[in-house]
Amino acid sequence: MPDIEVLLPDGSARTLPEGSTAHDLAASIGPRLAADALAAMVDGVPRDLNTPLHTGSRVSIVTPASDEGRDILRHSTAHVLAQAVTRLWPGAKYAIGPTIRDGFYYDFALPGGAHFSDDDLARIEEMMRVIIGEDQPFVRHEHSIDDALGLFRDQPYKLEIIEAVRRGEADDELDDVGDATAVSTYENSPSFRDLCRGPHVPSTGRLGHFALTRVAGAYWRGDEHNEQLQRIYGTAFESDDALAAHLHQLAEAERRDHRRLGQELDLFSFPGELGPGLAIFHPKGGTMRRVMEEYSRARHVAGDYEFVYSPHITKADLFETSGHLQWFAEGMYPPMELDEGQRYYLKPMNCPFHVLIFKSRQRSYRELPLRLFEFGSVYRYEKSGVVHGLTRVRGMTQDDAHIFCTREQMGEELSNLLTFVLNLLRDFGLREFYLELSTRPPGKAVGTDEEWAEAEATLASVAEAAGLALVRDEGGGAFYGPKISVQVGDAIGRTHQLSTIQLDFQTPQRFDATFVGADNARQRPIMIHRALFGSVERMMAILIEHYAGAMPTWLSPDQVRVLGVRDAHDEYAREVVRVLRADGVRASVEAADEPLGARIRRAKMEKIPYVVVVGDQDVSARSVGVNARGSNDPERGVPLDDFRRRLLDQIAAHGSPEDD
RNA sequence: GCCUGGGUAGCUCAGUCGGUAGAGCAGCGCAUUCGUAAUGCGCAGGUCAAGGGUUCGAAUCCCUUCCCAGGCUCCA
């Protein structure tokens with residue numbers, strides 16, 4: 001019998017009898033691997049374990065504790081979920097059940113329009129464990145389109161997918177179950193099969209370390225005009241330990257949640273009296289915000305920005321001219337009718353005001369680039385279901401600037417701007433970045449093809465020159481121009497979109513903004529919109545979560561808490577505070593009405609960078625005891641002036657006590 | 001806007017079968033004076049989100065509205 005030879009990931013070759021499968025390969029390498037194997041990568045494509053191998057193929061065995069392995073576990077668990085739901089709700093229609101980051105979901109339509117409740121999750125999990133206990137095989141079949149339509153005649157969503165495959169429209173991952181002539185299915189039992197590209201684990205008995213996490217509504221094909229399906233989210237891992245570790249990660253994210261920390265640290269709140277998405281900043285949150293804004297202002301002064309101000313409300317004309325009313329009226333607060341039918345709007349954007357400032361007199365090319373900066377408060381009528389803490393609000397303040405420049409200046413201006421942005425973000429302790437380029441949105445954009453092409457090409461070349469990873473976000477641009485956004489990685493590996501830089505050829509035209517060129521002719525400026533924090537509120541939320549509330553000393557609302565050991569030391573404690581405050585340090589005393597331990601504990605819970613304790617020795621030696629945040633052993637007898645110097649250096653360097 | 005789950009003291013939460021409101025922390029008062037993460041005692045604090053309904057009786061059951069959370073859609 002002829003043999004076949006396959007290549008393993010380490011570069012070695014292995015000879016197997018003709019007709020051998022990926023499972024046979026795993027078995028030939030070792031019994032442990034054979035027992036662990038879930039699937040195989042054959043020439044870079046994931047395949048079932050019973051796939052026959054061919055000479056020359058590069059094969060690696062997929063085991064549970066790998067990205068591919070977990071993906072297959074989750075995908076197979078999603079099938080078990082669908083089967084469990086069809087057993088518990090006979091007649092349930094199942095739509096799609098893909099894997100997502102850290103888990104999977106499956107969408108259903110229940111008979112009679114029924115909905116899942118949270119209590120159903122436990123019942124469904126129980127049924128899933130029954131199915132896993134049955135150790136049903138996952139059997140792959142190929143079907144012609146017509147046969148598939150027959151097999152799924154009771155499953156309208158599957159029929160839609162099959163029809164899309166037939167038309168060759170199944171281009172995204174969710175629908176990629178075959179080519180225009182055939183589709184694949186996986187059969188678990190005579191009563192359950194699902195349309196699927198695969199691969200899957202050999203049998204349901206290989207699953208089990210899973211949890212269903214929540215129920216949600218979700219629109220069919222993600223379109224709010226379609227019916228809403230019932231979605232169940234879950235996750236699965238290679239072991240119970242890995243599952244527990246994942247749940248621990250979720251708990252860590254919850255511990256850092258800025259809404260929770262905002263409450264605990266007395267930074268801000270969302271009183272019901274104000275309405276959704278409207279925050280008030282308490283003194284400590286106000287201090288943090290003021291420090292952020294003051295630093296930003298100083299950077300912008302250094303960057304040759306001019307500071308401007310504009311009102312929060314304006315007549316409709318302005319937003320008709322800008323095009324916002326045409327495209328985003330639904331996202332704006334409804335107008336107030338004043339002065340015999342004049343409609344006034346709360347501003348959702350600052351740009352039209354800045355254009356008016358540009359237009360307030362004749363401009364010369366000698367003034368360009370003209371950079372107008374404003375902490376501009378804007379109001380957006382976000383849909384009720386989307387507001388979220390400080391990250392998605394209805395009233396916010398943007399660190400907004402608009403740069404007017406010539407076409408020739410555009411490239412250099414953008415590239416300087418990107419450096420400016422990244423330096424500012426680094427000054428706030430953010431270190432990991434990548435860029436996203438959002439291009440022309442189909443169906444809602446103004447401007448010519450040439451203008452868009454030029455704008456996109458300019459942004460792309462600037463982004464590439466920055467040397468950061470660049471991801472394309474096709475169709476994600478604003479209606480007036482493409483944008484680069486800076487995506488920032490935080491301390492627990494999440495990414496947030498922060499800064500945006502948008503190129504705009506349209507607004508200057510709409511407002512007929514011009515400058516006089518060196519040739520004495522009127523020319524059209526280019527406009528660059530840019531917000532670095534995005535909004536001050538959102539930036540604060542991201543920083544709070546990044547630092548888990550333990551802010552670097554310069555951003556910390558309270559920097560030093562001075563505690564006398566006994567009330568006899570309170571006077572010296574106040575003296576220490578006076579010394580520090582003279583240098584602008586935010587320091588305070590808590591009088592010795594309570595035991596020292598209790599006062600220290602309170603200061604620690606407030607995440608104050610330095611707790612300074614002073615007793616008899618300190619009063620006589622003019623020293624302090626320094627208990628730094630994050631440290632377990634306080635220093636005794638530090639000369640006050642030494643502490644003061646260290647503190648001021650750390651503040652200037654934007655450091656944290658944890659860095660020392 | 002849609003789906004699911006919530007809303008009890010400033011905060012975190014308990015409250016059984018429908019029988020009339022509880023704890024810890026925080027606050028206030030008094031005592032305590034202490035060298036590195038909770039001193040003791042006492043006091044006060046509530047339209048149980050709001051409105052309506054069922055009931056002899058509602059925090060509890062029903063309806064409406066508001067607000068919050070997790071998703072979906074949206075995000076100039």
Side-chain angles (χ1 to χ4, degrees), chain A residues 105 107 113 115-121 213-233 254 257 259-260 263-264 266 269-277 319 322-332 347-352 378 380-389 391-393 398 441 444 476-481 483 497 500 502 504 507 529 531 534 563-570 591-606 611-618 625-628 631-637:
Chain A
Y105 66 80
D107 287 347
H115 296 138
F116 292 121
S117 75
D118 286 356
D119 298 336
D120 291 329
L121 291 183
T213 48
R214 63 181 79 95
V215 301
Y219 300 105
W220 169 236
R221 289 182 174 270
D223 184 336
E224 66 177 323
H225 302 296
N226 288 339
E227 69 176 294
Q228 191 164 48
L229 303 174
Q230 294 293 303
R231 177 171 295 180
I232 293 180
Y233 283 93
E254 194 178 321
D257 191 310
R259 294 165 299 181
R260 175 200 187 98
Q263 165 77 258
E264 287 176 3
D266 194 16
S269 59
F270 295 89
E273 290 87 336
L274 298 189
F319 292 112
S322 71
H324 288 101
L325 270 173
Q326 183 187 347
W327 297 110
F328 290 102
E330 281 192 6
M332 293 168 64
K347 67 169 169 179
M349 284 295 275
N350 302 302
C351 33
V378 298
R380 298 178 178 182
Y381 186 72
E382 302 285 2
K383 285 199 255 180
S384 65
V386 308
V387 296
H388 177 93
T391 61
R392 194 78 182 268
V393 289
Q398 297 180 309
K444 61 171 205 177
F479 69 87
Y480 50 73
K483 70 177 179 191
Q497 177 180 312
T500 57
Q502 300 185 324
D504 182 2
T507 306
H529 306 239
L563 306 175
V565 174
R566 281 177 288 108
D567 55 10
H569 310 121
D570 280 351
D593 294 330
E594 275 193 283
L596 181 62
R599 287 175 289 144
I600 289 172
R601 178 169 188 272
R602 189 155 29 239
K604 292 287 184 185
M605 302 228 295
E606 290 176 42
V611 179
V612 161
V613 175
V614 294
D616 289 331
Q617 295 166 31
D618 299 298
V626 178
N627 186 335
S631 151
N632 290 323
D633 58 318
E635 293 176 77
R636 289 282 296 273

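Excluded from the calculations below are hydrogen atoms, water molecules and symmetry mates; all remaining heavy atoms, backbone and side chain alike, are included. Throughout, protein chains are lettered first and strands after them, A, B, ... in sequence-line order, and every chain is numbered starting at 1. Nothing here was measured: the structure is a model prediction, and the numbers come from that model.
Of the candidates B:rU36, B:rA76, B:rC11, the closest approach to any side-chain atom of A:Q263 belongs to B:rC11. Among B:rG70, B:rG1, B:rU33, the nucleotide with an atom closest to any side-chain atom of A:Y219 is B:rG1. Of the candidates B:rU39, B:rC34, B:rC75, the closest approach to any side-chain atom of A:F328 belongs to B:rC75. The A:P634 side chain lies nearest to B:rU36 when the options are B:rU36, B:rC34, B:rC68. Of the candidate nucleotides B:rU33, B:rG35, B:rA76, B:rA76 has the atom nearest to the side chain of A:A478. Checked against B:rA26, B:rU39, B:rC34, the side chain of A:R602 finds its nearest nucleotide in B:rA26. Among B:rA37, B:rG71, B:rA76, the nucleotide with an atom closest to any side-chain atom of A:R601 is B:rA37. Across B:rG70, B:rC34, B:rC75, the shortest atom-to-atom separation from the side chain of A:R380 is found for B:rC75. When each of B:rG35, B:rC74, B:rU4 is scored by its nearest atom to the side-chain atoms of A:R636, the top-ranked nucleotide is B:rG35. Of the candidates B:rA37, B:rU33, B:rG35, B:rA37 carries the atom nearest the A:M605 side chain, counting heavy atoms from C-beta on.
Counting non-hydrogen atoms under 4.0 angstrom, A:D633 reaches nothing in the nucleic acid. As judged by a 4.0 angstrom heavy-atom cut-off over every strand, A:Q502 is placed among residues touching the sugar-phosphate backbone only. Within 4.0 Å (heavy atoms only), A:G564 reaches no atom of the nucleic acid at all. Nucleic acid contact class of A:A218 (heavy atoms, under 4.0 Å, all strands): sugar-phosphate only. Within the 4.0 angstrom heavy-atom criterion, only backbone atoms of the sugar-phosphate kind lie near A:P276; the bases stay farther away.
Atom NE2 of A:H388 is separated from atom P of B:rC74 by 18 Å (rounded to the nearest Å). Here B:rC75 presents its P atom at 16 Å from CD of A:Q398, a figure rounded to the nearest Å. The CZ-P distance, from A:R392 to B:rA69, rounds to 13 Å in whole Å. Atom CD in A:E606 sits about 18 Å away from atom P in B:rC25, given to the nearest Å. The CG-P distance, from A:N226 to B:rC72, rounds to 16 Å in whole Å. Atom NE2 of A:H115 and atom P of B:rG5 are 10 Å apart (whole Å). Nucleotide B:rU36 holds its P atom 13 Å from the CZ atom of A:R566, rounded to whole Å. For the pair A:W327 CH2 and B:rC75 P, the interatomic distance rounds to 12 Å; values are reported in whole Å.
In a base pair of the Watson-Crick type (N1 to N3 plus N6-O4 or O6-N4) or a G-U wobble (N1-O2 and O6-N3), with each distance short of 3.5 Å, B:rU32 is matched with no nucleotide. B:rA76 is unpaired under the Watson-Crick or G-U wobble criterion, no partner having all donor-acceptor distances under 3.5 Å. The nucleotide B:rU55 finds no pairing partner, because no Watson-Crick or G-U wobble arrangement with both distances shorter than 3.5 Å includes it. Across all strands shown, B:rA9 remains unpaired; no Watson-Crick or G-U wobble contact has both distances below 3.5 Å. Across all strands shown, the partner of B:rC43 is B:rG27, judged by Watson-Crick or G-U wobble contacts whose two distances both fall under 3.5 Å. Across all strands shown, nothing is found opposite B:rC48 as a Watson-Crick or G-U wobble partner with both distances under 3.5 Å. For B:rA38, there is no paired base (Watson-Crick or G-U wobble, both distances below 3.5 Å). If you check B:rC2 for Watson-Crick or wobble pairing at under 3.5 angstrom, you find it paired to B:rG71.
Using atom C1' as the reference point in both B:rU54 and B:rG18, the two lie 12 Å apart (nearest Å). As rounded to the nearest Å, B:rU32 and B:rC13 have P atoms that lie 37 Å from one another. Between B:rG15 and B:rC56, the two P atoms lie 28 Å apart (nearest whole Å). To the nearest whole angstrom, the two C1' atoms, one in B:rC61 and one in B:rA38, are 43 Å apart. For the P atoms, the distance from B:rA44 to B:rA21 is 16 Å, rounded to whole Å. Between the P atoms of B:rU60 and B:rU8, the separation comes to 13 Å (whole Å). Comparing B:rU12 with B:rA26, their P atoms are spaced 15 Å from each other, to the whole Å. Across the P atoms, B:rG57 and B:rC66 are found 29 Å apart, a figure rounded to whole Å.
Nearest heavy atoms, A:F116 versus A:Q230: N-OE1, 3.3 Å. Residues A:V613 and A:D618 share a closest heavy-atom pair of O-OD2, 3.6 Å.
You'll find a donor-acceptor pair under 3.5 Å spanning the side chain of A:K383 and the base of B:rU73, going by distance alone. Taking only distance into account, the side chain of A:D118 never meets the base of B:rU4 through a donor-acceptor pair shorter than 3.5 Å. Taking only distance into account, the side chain of A:D618 meets the base of B:rG35 through a donor-acceptor pair shorter than 3.5 Å.
Proximity of a side-chain donor or acceptor of A:R599 to a complementary backbone N or O of A:G564 within less than 3.5 Å is detected. A:H569 places a side-chain N or O within donor-acceptor distance of the main-chain N or O of A:D616, the cut-off being under 3.5 Å. Not a single donor-acceptor pair under 3.5 Å links the side chain of A:S322 to the backbone N or O of A:P352. The backbone N or O of A:G625 lies less than 3.5 Å from no partner atom in the side chain of A:R636, so there is not a single donor-acceptor pair. Between the side chain of A:R566 and the backbone N or O of A:A592 there is no donor-acceptor pair closer than 3.5 Å.
Taking 4.0 angstrom as the limit, A:Y233 places a side-chain polar atom (N or O) nearer than this to OP1 or OP2 of B:rC72. Taking side-chain N and O atoms only, A:R259 has a distance below 4.0 Å to OP1 or OP2 of B:rA69. At least one side-chain nitrogen or oxygen of A:S384 sits closer than 4.0 Å to the OP1 or OP2 atom of B:rG1.
The CG atom of A:D633 sits 8.0 Å away from the CD atom of A:E635 when rounded to the nearest 0.5 Å. Rounded to the nearest 0.5 Å, atoms CD1 (A:I232) and CG (A:D107) are 9.5 Å apart.
Residue-to-nucleotide proximity on RNA chain B shows that, of A:V215 and A:G272, the 5′-proximal contact is made by A:V215. Between A:F479 and A:D567, the residue whose closest nucleotide on RNA chain B is further toward the 5' end is A:D567.
Ring geometry, A:H529 versus A:Y480: the interplanar angle falls under 30°, so the pair is classed parallel (tilted spans 30 to 60°).
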